[in-house]
Amino acid sequence: VVQEAVDEERLGQPQFLRCIAQVSDAAGLGHAVDEWIALGEAWFGTPVATRHRLGEGSGVYVTEMAKWDTGQAALVTISSVGSNGAPAIDLMLIGSRGTLYHND
């Protein structure tokens with residue numbers, strides 16, 4: 001759905017990605033952040049220029065702030081809910097002509 005909105009330019013030019021997600025596998029926190037940053041690269045159309053990561057190795061959360069040379073930015077936080085919790089996602093993608101929200 002997000003890729004379709006970007007491809008059809010319904011949001012204008014994507015400018016800012018904010019994703020807060022919960023996963024059950026604490027070992028995969030960094031990998032999950034990397035996947036979201038890769039999606040940001042696809043949506044923004046260029047590779048990320050700078051990345052700053054916090055919480056690596058905590059086993060509880062990983063947060064990354066990323067910036068593109070073209071002015072776009074992303075804030076991605078992935079936390080662990082353990083084996084008893086359910087995965088969840090809260091996504092916001094702001095474009096030059098609109099904003100897309102997704103909660104699951």
- Would you give the length of the straight line joining atom CZ of R51 to atom NZ of K67, rounded to the nearest 0.5 angstrom? 15.5 Å
- Would a hydrophobic clustering, with Ile, Leu, Val, Met, Phe, Trp and Tyr connected at side-chain separations under 4.5 Å, put I78 with M92? no
- Nearest heavy atoms of V48 and T50, plus distance in Å: CG2-O, 3.5 Å
- After noting the C-alpha distance and the side-chain angles of R53 and D34, does the key distance pass the side-chain contact (heavy atoms from CB on, under 4.5 Å) rule? CA-CA 11 Å; R53 189 171 279 197; D34 291 338; 2.6 Å; yes
- Message: To check you understand the geometry: which heavy-atom pair defines the closest contact between S80 and S24, and what is its length?
- Response: OG-O, 4.2 Å
- Message: Please identify which of these residues, L91, D90, V76, I94, meets the side chain to side chain contact (heavy atoms under 4.5 Å, CB included) condition with R18.
- Response: D90
- Item | Q3 side chain reached by L39 side chain, heavy atoms, under 4.5 Å | no
- Task: I would like to know whether R10 and E4 meet side-chain contact (heavy atoms from CB on, under 4.5 Å); could you show each step before the answer?
- Result: CA-CA 9 Å; R10 287 185 277 167; E4 183 179 306; 3.5 Å; yes
- Between A49 and D69, the two heavy atoms sitting closest are CB-OD1, 3.2 Å
- Would you check, one step at a time, whether the test side-chain contact (heavy atoms from CB on, under 4.5 Å) holds for I37 with E64? CA-CA 9 Å; I37 296 299; E64 185 159 307; 3.5 Å; yes
- Query: Going only through I, L, V, M, F, W and Y residues with side-chain contacts under 4.5 Å, is there a path from L17 to I89?
  - Reply: yes
- Considering all heavy atoms, the nearest E41-P47 contact: OE2-CA, 3.5 Å
- Item | Closest non-hydrogen atom pair between W36 and C19, with its separation | CE2-SG, 3.5 Å
- Item | Cluster link F44 to M65, ILVMFWY, side chain under 4.5 Å | no
- Item | Shortest non-hydrogen contact between L100 and A5, atoms and distance | CD1-CB, 3.8 Å
- Sub-4.5 Å side-chain heavy-atom contact between T99 and F16: no
- Task: Decide if atom NE2 of H31 counts as having more than 12 heavy atoms of other residues, nucleotides or ligands within a radius under 6.0 Å.
- Result: no
- Note on the structure: Output for pair (T63 OG1, E56 CD), nearest 0.5 Å, gives 10.5 Å
- Task: Begin with the C-alpha distance, continue with both residues' side-chain angles, and end with the deciding distance and a verdict on side-chain contact (heavy atoms from CB on, under 4.5 Å) for W43 and V2.
- Result: CA-CA 9 Å; W43 295 334; V2 176; 3.2 Å; yes
